[in-house]
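Notes follow once the structure below has been shown.
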Amino acid sequence: MRNATKGAFAAVVAAVLLMGGAGSLASWSDTKSIAGGSVRAGHLSLSAPTCDAAWKYAQGKAGNGANVDYFVPGDVVSKSCEFTIHSAGDNLLAKLSTQTPPAMTGNNISATVATEYKLGAAPMTLPASVTSGDNAKVVTATFTVTFPFGPTVNANNMQNAVASLDNITVNLTQVAPN
């Protein structure tokens, strides 16, 4: 029995050694950490506008360039404002647009608003595109208000009324690059 006990003991020890070694079979491996660095987001904004002090009669229209004191039906008036573009971004694309009431009304006055943009001296087509290449460039927005003429609009009951030419907003909105 002694040999049988020794043999059984040797078999158990061998089994334990084999099982313990199963998890530690030799294989090579390695890992490395990468210094990923950082990336920085760009930006997009317009400076506060610098505008004409007063509304003027539109170029090529009656009163051409004179300040508006008292308009009459049929007049076309304008005001220009300059903004500096602040833009940075590798794939930046933004659209410049104007948000205005579709028709300005109030105090029995009816008027329509149109906007033209220039980047430097070059006219822009709406909605105008802006990229990071336009950083620090000046954009000029010229707002033109037309007071219609005729018996059904801006009738006698608007005399001495005040046209509130407010709520004109210039928007610069990023477009998704992908």
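No experiment lies behind these values; they were computed from the predicted model shown.
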Checking the side chain of [X] only, and the main-chain atoms of [Y] only, is there a donor and an acceptor separated by less than 3.5 Å?
X	Y	answer
Asn135	Ser87	yes
Ser132	Ala88	no
Thr146	Pro148	no
Tyr117	Ser97	yes
Asp52	Ser80	yes

[Y] side chain reached by [X] side chain, heavy atoms, under 4.5 Å:
X	Y	value
Asp75	Tyr57	yes
Thr84	Leu46	no
Leu119	Asp134	yes
Leu165	Trp55	yes
Glu116	Pro123	no
Pro73	Phe147	no
Lys79	Cys51	yes
Thr112	Val145	no

Please test Leu92 against Thr131 for side-chain contact (heavy atoms from CB on, under 4.5 Å), starting from the C-alpha separation and ending with a verdict. CA-CA 5 Å; Leu92 179 66; Thr131 67; 5.7 Å; no
Cluster link Phe83 to Leu172, ILVMFWY, side chain under 4.5 Å: yes
Does the side-chain contact (heavy atoms from CB on, under 4.5 Å) test come out yes or no for Val139 and Met124, once each step is laid out? CA-CA 9 Å; Val139 100; Met124 300 175 85; 3.6 Å; yes
Thr144 versus Ser78, side-chain donor and acceptor atoms under 3.5 Å: no
Spacing of [atom1] belonging to [X] relative to [atom2] belonging to [Y], to within rounding of 0.5 Å:
X	Y	atom1	atom2	result
His43	Gln174	NE2	CD	12.5 Å
Ile168	Thr98	CD1	OG1	8.5 Å
Phe143	Cys81	CZ	SG	5.0 Å

Do other residues, nucleotides or ligands put more than 12 heavy atoms under 6.0 Å from the CD atom of Gln59? no
Heavy-atom count around Lys61 NZ within 6.0 Å, excluding the residue itself: above 12? no
